Asks: 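Have a look at the structure that comes next, please.
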Amino acid sequence: MENHRIADIFDEIADVLELQDESVFRIRSYRRGARAIRDLPEDVRTLVERGELLKVPGIGKSLTEKVEEILGTGTSEFYEKIKKAPEYKLLPLLRIPGVGPRHAIQFYRVLGIVTVDDLEEAARAGRLHDLERMGEKLEERILKGIEQYRRRTGRFRLAEGMLHAEAVAAKVGKLKGVTRIDIAGSCRRMKETIGDIDILVISKSAKKVMDVFTSMKSVSEVIARGATKSSVLLEAGIQVDLRVLRRENYGAALHYFTGSKDHNVAIRDRAKRRGLRVSEYGVFNVETAERLGGASEEEVFAALGLPFIPPELRENSGELEAADEGRLPRLVEAGDIKGDLHMHTTATDGRNTPREMAVAARRLGYRYVAITDHSKAVRVAGGLDAEELRAHIEAIRKANKEVDGIEILAGVEVDIMKDGGLDLPDDVLRQCDVVIAAVHSGFNMPEARMTRRILKALENENVNILAHPTGRLIGEREPYEVDIEAVIAAARKCGVALELNAFPDRLDLKDVHCRAAREAGVKISIGTDAHAVAHLANMRYGVGTARRGWCEAGDILNAMTLPKLRKFLARRRRDRAKPGV
DNA sequence: GCCGTTTTCGGCCCGACTGTTTTCAGTCG
């Protein structure tokens with residue numbers, strides 16, 4: 001996948017242009033282009049080959065040419081020129097909170113500062129505060145920013161951010177006078193990683209809210225404190241912004257601070273065309289200054305002639321057009337989920353027995369679960385060989401008889417070997433109700449070989465689900481090289497479901513791939529890959545990701561009733577058994 | 001640099017907070 005590399009190049013170009021005080025619109029175009037490419041559901045190369053890159057919103061003639069040049073030669077003439085510019089060396093300075101392009105360029109021009117170390121030294125020596133419009137407080141703030149920059153690991157995983165956000169919301173929400181509290185921002189949109197946490201509050205006593213918020217035990221630093229807005233840094237390193245709002249503005253603010261930025265820009269653009277202005281205070285008629293609403297998000301959308309758009313869709317990736325044409329999906333909800341088809345037990349590397357997992361799942365309101373322990377290739381997990389799996393299946397059948405109110409399906413997560421063969425013989429796989437196939441080794445093969453390997457595994461008539469199809473670990477391991485389009489097409493042909501692994505480190509398939517799979521008519525199985533009872537709760541992140549992928553309940557395998565699920569699982573083998581099929 | 005039911009030229013989202021200043025620049029979201 002070259003998408004990330006090209007997107008990073010465009011972002012770097014934007015940063016340098018900003019340091020060079022170029023047109024803000026030109027800069028914005030590079031940033032928008034970077035984002036568009038980063039979020040593509042498929043390899044930018046295939047898009048170029050089909051001649052469709054120009055159709056992507058935000059990508060025009062100039063960026064298309066640069067993408068083609070980079071794909072062909074590995075770089076672009078313009079990018080090379082940018083890299084030679086003196087400002088290029090200053091990019092790390094921009095990553096320091098509190099340092100923007102104006103400061104960075106001032107430090108460079110006046111004091112010759114290039115590196116973060118230079119800046120730290122200058123700040124410590126008190127050489128910054130004599131600069132124009134600089135003072136001792138800014139100097140101090142920059143030193144703190146450098147500290148934060150050094151500590152910082154980048155974005156946080158959704159699950160981690162959500163837990164912190166919910167802890168803060170619980171604390172502030174308990175206060176007297178707080179009549180409403182919401183987590184907004186990328187958490188609300190269920191984005192796979194979050195940069196910071198946004199919390200909105202309606203309260204009569206804003207001061208009290210700010211007092212409590214800024215003095216929580218988990219706060220390591222108060223970054224800003226105002227009458228309506230405060231920001232803190234938690235010990236965990238996550239920044240939390242909290243705003244206190246008036247009831248009549250609340251919907252407009254909630255919409256605004258939920259984002260995404262691109263969605264907001266598109267909304268305001270739409271408003272402008274209609275002679276309206278949208279801000280976090282409401283929707284206004286530009287000429288008469290009349291206020292057309294803003295107490296609820298519904299009012300904001302309605303003022304623009306739109307139905308409510310769920311937060312997970314607000315990425316400016318077609319949701320406004322779909323809303324306009326009345327074809328917004330009816331997104332899958334937590335309550336639609338009827339079971340969990342991927343979990344491990346003490347038979348391999350899990351911490352609970354099949355029985356314990358099933359009882360916990362029943363408490364979640366599920367109708368069925370599948371126990372899917374590892375096969376022998378996963379040595380570290382104590383994977384099962386054929387004999388052990390047979391015994392395990394027996395144990396699962398027995399547990400199923402003992403536990404009422406939920407069906408325990410016997411399954412396995414069988415490894416896909418390097419040649420595309422499976423780690424266990426067909427006769428034992430045939431005894432399973434559910435077979436999940438997965439790649440756990442040999443991640444570094446070339447794309448063509450990896451794609452062949454997975455496609456061959458999908459051909460095996462016993463396979464029902466392909467687990468974590470790209471193998472990525474968010475922030476830790478890049479996905480392996482695989483032609484995801486080909487995998488989706490093969491899944492469709494073979495009647496195999498693709499998993500949306502809900503484990504917080506994975507969320508794999510990711511949102512844009514879910515959307516592509518759904519559009520191709522492939523079923524998505526949202527599985528938690530739970531290794532303990534507590535992990536079953538991660539389903540929410542899988543559902544959130546599926547919603548970001550525009551999935552409806554009908555697209556989700558484990559939203560099916562048990563009889564329908566059984567039919568889906570059995571169909572493959574039956575079809576194969578028919579002569580001539 | 002992108003884009004078009006106002007336009008192929010001339011637009012391109014809006015506001016809070018901070019610090020350094022007596023009206024604003026920079027950063028951030």
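Residue numbers begin at 1 in each chain, while the letters A, B, ... track the order of the sequences. Given the structure is predicted, the values throughout are model-derived calculations rather than measurements. Values below: every heavy atom of this structure, side chains too, minus hydrogens, waters and symmetry copies.
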Asks: I'd like the P distance from B/dT21 over to B/dA16, given in whole Å.
Replies: 24 Å

Asks: Tell me, which pairs form a ring-ring contact (aromatic ring centres under 6.0 Å, His included) where one or both residues lie in residues 176-206 of chain A, sequence neighbours left out?
Replies: none

Asks: Residues of residues 286-303 of chain A with any non-hydrogen atom less than 4.0 angstrom from an atom of DNA chain B: list those, numerically ordered, please.
Replies: none

Asks: Does A/Glu280 have any salt bridge (charged side-chain N to carboxylate O under 4.0 Å, His left out) partners at least two apart in sequence or in another chain, and if so, which?
Replies: A/Arg268

Asks: Less than 3.5 Å apart, which donor and acceptor atoms pair up between the side chains of residues 252-259 of chain A and the rest of the protein, not counting sequence neighbours?
Replies:
| from | atom 1 | to | atom 2 | distance (Å) |
| --- | --- | --- | --- | --- |
| A/His255 | NE2 | A/His263 | NE2 | 3.0 |
| A/Thr258 | OG1 | A/Arg188 | NH1 | 2.8 |
| A/Thr258 | OG1 | A/Leu254 | O | 2.6 |

Asks: Establish, with yes or no, whether the OP1 or OP2 oxygen of B/dC13 is under 4.0 angstrom from a side-chain nitrogen or oxygen of A/Lys272.
Replies: no

Asks: Using purine N1 to pyrimidine N3 plus N6-O4 or O6-N4 for Watson-Crick, or N1-O2 and O6-N3 for G-U wobble, each under 3.5 Å, what pairs with B/dT8?
Replies: none

Asks: Listing request: all ring-ring contact (aromatic ring centres under 6.0 Å, His included) pairs with a residue in residues 62-101 of chain A, at least two apart in sequence or in separate chains.
Replies: none

Asks: For salt bridge (charged side-chain N to carboxylate O under 4.0 Å, His left out), just list the numbers for A/Arg189 and A/Glu319, CA-CA rounded to whole Å, side-chain angles, deciding distance to a tenth of an Å, and then say yes or no.
Replies: CA-CA 13 Å; A/Arg189 303 200 316 280; A/Glu319 72 275 13; over 6 Å; no

Asks: Please name all residues satisfying salt bridge (charged side-chain N to carboxylate O under 4.0 Å, His left out) with A/Arg277, sequence neighbours left out, ordered by chain then number.
Replies: none

Asks: At less than 4.0 Å, is any side-chain N or O atom of A/Tyr281 found next to OP1 or OP2 of B/dC13? Yes or no.
Replies: no

Asks: Residues two or more places apart in sequence or in another chain: which of them pass side-chain contact (heavy atoms from CB on, under 4.5 Å) with A/Val56?
Replies: A/Ala36, A/Leu40, A/Leu47, A/Leu53, A/Ile59

Asks: State which residues pass side-chain contact (heavy atoms from CB on, under 4.5 Å) with A/Pro101; sequence neighbours excluded, sorted by chain then number.
Replies: A/Glu18, A/Leu19, A/Leu94

Asks: Check this one for me: any side-chain N or O of A/Arg28 less than 4.0 Å away from OP1 or OP2 of B/dC13?
Replies: yes

Asks: If you take all heavy atoms of A/Glu552 and A/Pro329, which pair is closest and at what distance?
Replies: OE2-CA, 3.2 Å

Asks: With sequence neighbours left out, what residues match A/Lys174 under salt bridge (charged side-chain N to carboxylate O under 4.0 Å, His left out)?
Replies: none

Asks: For A/Arg225, give me all partners under side-chain contact (heavy atoms from CB on, under 4.5 Å), at least two apart in sequence or on another chain.
Replies: A/Lys207, A/Met210, A/Asp211, A/Thr214, A/Val222, A/Ser230

Asks: Identify, residue by residue, the members of residues 206-213 of chain A with a heavy atom below 4.0 Å from DNA chain B, and return them in order of residue number, or none.
Replies: none

Asks: Heavy atoms under 4.0 Å, any strand shown: does A/Ala227 hit a base, just sugar-phosphate, or nothing?
Replies: sugar-phosphate

Asks: So what does A/Glu136 touch, heavy atoms closer than 4.0 Å: a base, only the sugar-phosphate, or nothing?
Replies: sugar-phosphate

Asks: Measure NE2/A/His255 against C1'/B/dC14 and give the value in whole Å, please.
Replies: 13 Å

Asks: Where along nucleotides 23-29 of chain B does protein come under 4.0 Å, by heavy atom, of base (B) or sugar-phosphate alone (S), with - for untouched nucleotides?
Replies: -BSSSSB

Asks: Take atom CZ of A/Phe25 and atom C1' of B/dC9, then tell me their distance rounded to the nearest Å.
Replies: 14 Å

Asks: If we take the P atom in both B/dC17 and B/dT22, what is their distance in whole Å?
Replies: 22 Å

Asks: Looking at A/Ser279, does any N or O in its side chain come under 4.0 Å of the phosphate oxygens OP1/OP2 on B/dC14?
Replies: no

